[in-house]
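Below, read A as the first sequence line, B as the second, and so on, with proteins coming before strands; counting in each chain starts at 1.
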Number of protein chains: 2
Amino acid sequence: MPAAKLLLVEDDPALSELLEFRFENEGYDVRATADGDEALILAAEEVPDLIILDWMIEGTSGIEVCRRLRRDKTTAHVPIIMLTARENEDDRIRGLDTGADDYMTKPFSPRELLARVAAVMRRIRPALAGETIEVGDIRLDPVGHKVDRRNKALQLGPTEYRLLKFFMESPGRVFSRNQLLDGVWGTGSDIELRTVDVHIRRLRKAIEVEGTKDPIRTVRSAGYAMEAV
Amino acid sequence: MPAAKLLLVEDDPALSELLEFRFENEGYDVRATADGDEALILAAEEVPDLIILDWMIEGTSGIEVCRRLRRDKTTAHVPIIMLTARENEDDRIRGLDTGADDYMTKPFSPRELLARVAAVMRRIRPALAGETIEVGDIRLDPVGHKVDRRNKALQLGPTEYRLLKFFMESPGRVFSRNQLLDGVWGTGSDIELRTVDVHIRRLRKAIEVEGTKDPIRTVRSAGYAMEAV
DNA sequence: GGGCAATGTTACACCTTCACGACAATCATA
DNA sequence: TATGATTGTCGTGAAGGTGTAACATTGCCC
């Protein structure tokens with residue numbers, strides 16, 4: 001099960017360890033580093049779902065890390081929560097200017113940080129927050145890996161499940177085959193474009209229930225989308 | 001039910017007594033002391049489930065107590081809520097850096113402290129020590145380390161027991177093999193992923209009772225989950 | 001309707017994942 | 001120390017999932 005990936009950039013070992021523990025306890029997949037340059041490398045290696053970034057860190061400064069993350073296309077969209085020391089208002093202003101989504105001033109309660117992270121997750125990708133998604137008459141429970149339609153349990157293979165989940169996270173949106181390959185199979189997968197068609201077909205068959213319509217729309221020469229039926 | 005154990009470290013006798021009363025009233029098992037060194041001894045004697053720690057106490061200072069608790073392996077994981085005087089922001093910074101989980105500034109309402117303690121308890125121990133858990137027809141008594149199904153006592157090995165308990169604390173939830181290793185074997189255990197399969201099989205066999213269905217669901221390429229059958 | 005490109009469908013060989021049995025090492029206990 | 005229970009690892013085979021090509025069908029533009 002793909003847990004939400006967090007990148008924690010904090011150079012106080014005690015705080016870093018505490019937060020890492022708390023977040024892992026909540027089911028997040030956490031990577032931590034104290035160094036700005038290493039943070040950029042980690043973010044490039046495996047794009048996280050959210051970044052928690054301390055402003056005062058060794059190596060490249062927080063503000064610079066933030067700027068570079070925003071410049072790189074693969075990480076430009078990743079939400080950033082920054083941690084600023086005390087009431088340094090200048091930092092906050094520059095931080096938000098640079099592209100941070102939210103900030104917390106030290107000292108903060110870990111509980112509050114957890115809450116904000118959860119809020120961001122719900123906003124960005126509901127499934128990552130463990131919430132069941134509903135599109136039309138189809139319901140997907142990411143925690144239990146279960147899908148049902150009209151209260152009838154569906155049986156999906158792993159790829160079919162991932163594909164359906166990907167669609168349900170952005171209902172109505174059209175995805176090209178390349179976008180689907182990136183999102184479902186992972187960036188850098190070396191797979192024939194047409195293979196997507198086959199999995200679409202398999203998914204369609206798997207979510208077929210007596211008396212329902214096919215929720216997957218083919219958009220000719222563009223890709224596929226899922227509609228609320 | 002064997003109550004959750006609280007350690008209260010507070011040197012204002014009036015406040016200490018008030019809190020002790022309130023918490024005992026809520027069913028907690030409270031130990032109180034006004035002295036930092038004694039707190040460390042008490043914590044070592046019997047590891048509490050949560051520590052409420054005033055920052056300004058006699059003997060060893062709050063910050064030092066916190067640090068030592070975190071250093072000792074047996075108490076490193078115990079959540080700490082610290083009580084600080086309103087004005088002293090530096091303390092809060094150092095406190096959270098040192099490893100406290102949460103803080104409350106004096107004066108605070110006892111009701112709010114109770115709420116936070118309850119929240120921490122729910123997070124740390126979903127099946128609070130003593131509460132027998134029931135999932136479907138399986139009943140687990142954590143005090144007596146006993147498990148039965150349809151009133152028939154089951155015989156489990158230690159690992160099978162921990163694994164079952166882990167599942168029963170979050171019924172329906174799918175866990176990856178890595179999550180199971182972390183949760184059941186402990187973080188940093190150096191064990192083959194596939195070993196989990198074997199223990200799943202042993203657990204399945206151990207909880208097999210004539211005329212019942214297997215409550216453990218295999219989720220291909222994701223992990224395992226336990227269902228209420 | 002003809003021609004063309006895009007998509008639907010099927011079949012199949014290949015690969016991954018999991019259940020199961022066996023076994024040696026370790027631990028607990030008498 | 002001896003005995004039995006427990007534990008971690010490996011190999012094997014079966015079940016199921018995956019990617020690809022080949023062929024059928026559909027939609028579109030003229």
Neighbour count above 12 (heavy atom, 6.0 Å) for B/Glu45 CD: yes
Rounded distance (Å) that lies between atom P of D/dT6 and atom CD1 of B/Ile191: 17 Å
Phosphate contact (C/dG8 OP1 or OP2) by A/Tyr224 side-chain N/O below 4.0 Å: yes
Rounded distance in Å - NE2 (A/His199) to P (C/dT9): 15 Å
Atom-pair distance (OH on A/Tyr161; P on D/dT18), nearest Å: 14 Å
Phosphate OP1/OP2 of C/dA6: any A/Ser221 side-chain N/O under 4.0 Å: no
Short side-chain N/O contact to D/dG19 OP1/OP2 from A/Trp185, under 4.0 Å: yes
Derivation and outcome, salt bridge (charged side-chain N to carboxylate O under 4.0 Å, His left out), residues A/Glu227 and A/Arg217: CA-CA 7 Å; A/Glu227 311 288 342; A/Arg217 179 166 56 104; 2.5 Å; yes
Atom-pair distance (CG on B/Leu163; P on D/dT7), nearest Å: 11 Å
Heavy-atom donor-acceptor pair, A/Arg201 side-chain to C/dT9 base, under 3.5 Å: no
Touch class at under 4.0 angstrom, heavy-atom based, for A/Val219 against every strand present: sugar-phosphate
Phosphate OP1/OP2 of D/dT6 contacted by B/Thr159 side-chain N/O (<4.0 Å): no
Nearest to side-chain heavy atoms of A/Arg220, which nucleotide of D/dT6, D/dA21, D/dT26: D/dT26
Phosphate contact (C/dT7 OP1 or OP2) by A/Arg177 side-chain N/O below 4.0 Å: yes
Value in whole Å for how far the C1' atom of C/dG8 lies from CG of A/Leu203: 15 Å
Test applied, side-chain contact (heavy atoms from CB on, under 4.5 Å); reference residue, A/Arg177; option that passes from A/Asp182, A/Ile191, A/Asp197: A/Asp197
Distance-only side-chain donor-acceptor flag, A/Ser16 / A/Glu10, under 3.5 Å: no
A/Gln155 or A/Val198, whichever maps to the more 5' nucleotide of DNA chain D: A/Gln155
Phosphate OP1/OP2 of C/dA19: any B/Arg204 side-chain N/O under 4.0 Å: yes
Parallel, tilted or perpendicular: ring planes of B/Phe166 versus B/Phe175, cut at 30 and 60 degrees: tilted
Length of the line joining B/Glu208:CD and C/dC20:P, which is rounded to integer Å: 9 Å
Earlier contact from the 5' end, DNA chain D, for B/Leu193 and A/Gly157: B/Leu193
Rounded interatomic separation in angstrom, taking CG from B/Asp197 and P from C/dT17: 11 Å
Any A/Thr218 side-chain N or O less than 4.0 Å from OP1/OP2 of C/dA6: no
Donor/acceptor link under 3.5 angstrom from B/Arg194 side chain onto base of D/dG11: no
Any side-chain donor near an acceptor of the partner, B/Thr218 and B/Arg204, under 3.5 Å: yes
Interatomic distance, A/Ile200 CD1 vs D/dG19 P [rounded to whole Å]: 13 Å
Nucleotide nearest A/Arg202 when distance is taken to its side chain, options D/dG8, D/dT6, C/dA11: C/dA11
